[in-house]
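What follows is a single structure, written as structure tokens, with notes after it.
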Amino acid sequence: MVGIIGYGAYIPKYRIKMEEIAAVWGEEAQRIKKGLGIEEKAVPGTDEDSATMAVEAGRIALARAEIDSKKIGACYVGSESHPYAVKPTATIVAEALACGNDTMSADFEFACKAGTSAMQCCMGLVKSNMIKYALAIGSDTAQGRPGDALEYSAAAGAGAYIIGNEKGEILAEIEETVSFSSDTPDFWRRQHAEFPQHGGRFTGLPAYFKHVMGAAQALFEKTGTFARDYDYFVFHQPNGKFPREVAKMLGIEEKKLSPGLVCSRIGNTYSGASLIGLARVLDDAKPGEKIFVASFGSGAGSDAFSINVTDNIVERRKEGMTVEEFIAEKEYLTYGQYVKHRRKLKSL
Amino acid sequence: MASEALPLSWRRIPERYCLIGNSCENCKTNFFPTRKICPNCRRRGKLADKTYSGKGKVYSYSLVNVVPQGFELDAPYVLAIIELEEGPRVTAQIVDCGEKDVKIGSLVKMVFRKIKEDGDEGVIHYGFKFGLVK
Ligand SMILES: [Zn+2]
């Protein structure tokens, strides 16, 4: 048995409303809000980055796992906004969480699914008994070029998961995982480019939908399950529209989708997105319930997971802030303050 | 730009990342940052590493408007003396708040943040700051 023994999310305190960004570029806020399904997005503090948010989410996960952090054998951090181009984020995180020097550490990159890729590796190491516990984190402070459509959605947040294999400790069993990937150039950023480029409409059908549906179907086949067997669905949420359309394709009711859909209130947190969505579901899920998760990373791929909530969840989630508490704790920025927070001045 | 030599900054990582100080096993006094000798017991002192919980309260604070070089983006910020629940006092920034949000005695907990960057191409220094507990 392999599964989650501790989890934690982190969302920075600052928000900017779509109206505030739209006013600067002379766009119609209502049209953008309706088009994206996003009301406001989370913005990091001036002293926050993917490493600091990963540590904060990791500390909550550790408190819930109730283990000595020295027993963590692997620390993998997925992000597309690692603070350094060369120098791992994972060593900063492992050091801050006091995991000890005998920790396997590495950074993962796969656009928005780097965190779930890290989770799959952790599952393998723990399931094979190479190590006792492993920590997988997805954390991003995503950037969009000023004036680009991405500027409305690119947000900041992190999700951390500690994977273990003892039944008595597991709060949610990960029953199965599969991936679906192909070489698809829907979104990219070259080595020294400040901001990413994207293929516009190309990001939809051949990228997000093809891969998420591909992973979903593969997971259903491998587990012999159907969409109706799951109580919650969490999808990568680059906007509020894509997950709703996938849900429609799979015939999923809104009540199974909305608990894990937080992007309307915090934006697209990239590597954090599906992991924060899952944390939101775990905050409320009941023992015995079944959760479907499918991430998506441009370039492109999707990792799908079938997760069964256990009795242990009730006690373990008592520690630390919930996703709803993070969402409620907010302070709005003007566009001017936002430019300072995101250090966009030099790039304008 | 590099205000602090790299080896010095690197040696302080356990202190800055994990709030590790030390404690004298002889007189039970806690120290942060670490001391090489217990001032009470001198040669009879027995110092051992101690990881602080990161919980504490505001002992004193002030709003910093004119900030040192490298901290311009954070300005203005609240700088405080925090009394850790284990006793020692540390000076640190209180994040995500204004002057009106802080009071003497306010409960705080350690958070992990960027302290400063050595310019656009240098090392990023991380460490503890404090956040208000709601
Ligand atoms: Zn002493």
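Lettering follows sequence order; numbering is per chain, from 1.
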Exercise. Please indicate whether B/Glu121 has more than 12 foreign heavy atoms, meaning atoms of other residues, nucleotides or ligands, lying under 6.0 Å from its CD.
Key: no
Do B/Lys129 and A/Asp47 sit within salt-bridge range, that is, some charged N less than 4.0 Å from a carboxylate O? yes
Per-residue tally against chain B (heavy atom, under 4.5 Å) across A/Lys13, A/Met53, A/Arg59 peaks at A/Arg59
Residues 60-88 of chain A vs chain B, non-hydrogen distance cutoff under 4.5 Å, contacting residues -> A/Pro83, A/Tyr84
Smallest heavy-atom separation, A/Arg342 atom then A/Gln143 atom, equals O-NE2, 3.1 Å
In short, A/Ser139 meets A/Ala54 closest at the heavy-atom pair OG-N, 3.7 Å
Among residues 84-94 of chain B, those lying within the under-4.5 Å heavy-atom range of chain A are B/Gln93
Taken to the nearest 0.5 Å, the spacing of A/Glu151 CD from A/Phe195 CZ works out to 8.0 Å
Please determine if B/Lys28 and B/Glu25 form a salt bridge, counting it only when a charged side-chain N lies under 4.0 Å from a carboxylate O. no
When the 4.5 angstrom heavy-atom criterion is applied to B/Val123 and chain A, the contacting part is both
Note: A/Glu95 and B/Ile13 closest approach over all heavy atoms is CG-CG2, 3.5 Å
### Query
Looking at A/Glu20 and A/Lys17, does any basic side-chain N land under 4.0 Å from a carboxylate oxygen?
no
Next on the checklist: Run A/Arg265 and A/Glu324 through salt bridge (Lys or Arg N to Asp or Glu O under 4.0 Å) and show every step you take.
Outcome noted: CA-CA 10 Å; A/Arg265 296 179 287 162; A/Glu324 282 304 322; 2.8 Å; yes
query: Any side-chain heavy-atom pair from A/Leu150 and A/Arg145 closer than 4.5 angstrom?
result: no
Validation: residues 31-51 of chain B side-chain donor-acceptor distances under 3.5 Å, sequence neighbours left out:
unit_1	atom_1	unit_2	atom_2	d
B/Asn40	ND2	B/Thr29	OG1	3.1

A/Asp140 side chain to A/Ser271 main-chain N or O, any donor-acceptor pair under 3.5 Å? yes
Those residues of residues 326-334 of chain A that come under 4.5 Å of chain B on a heavy-atom basis, listed by number, are A/Glu329
Checklist entry - Can you find a pair of side-chain heavy atoms, one from A/Glu169 and one from A/Tyr133, that are under 4.5 Å apart? => result yes
Applying a strict 4.5 Å limit to non-hydrogen atoms, the region of A/Glu48 in contact with chain B is both
All heavy atoms of A/Thr46 vs all of B/Asp74, minimum pair found to be OG1-OD1, 2.6 Å
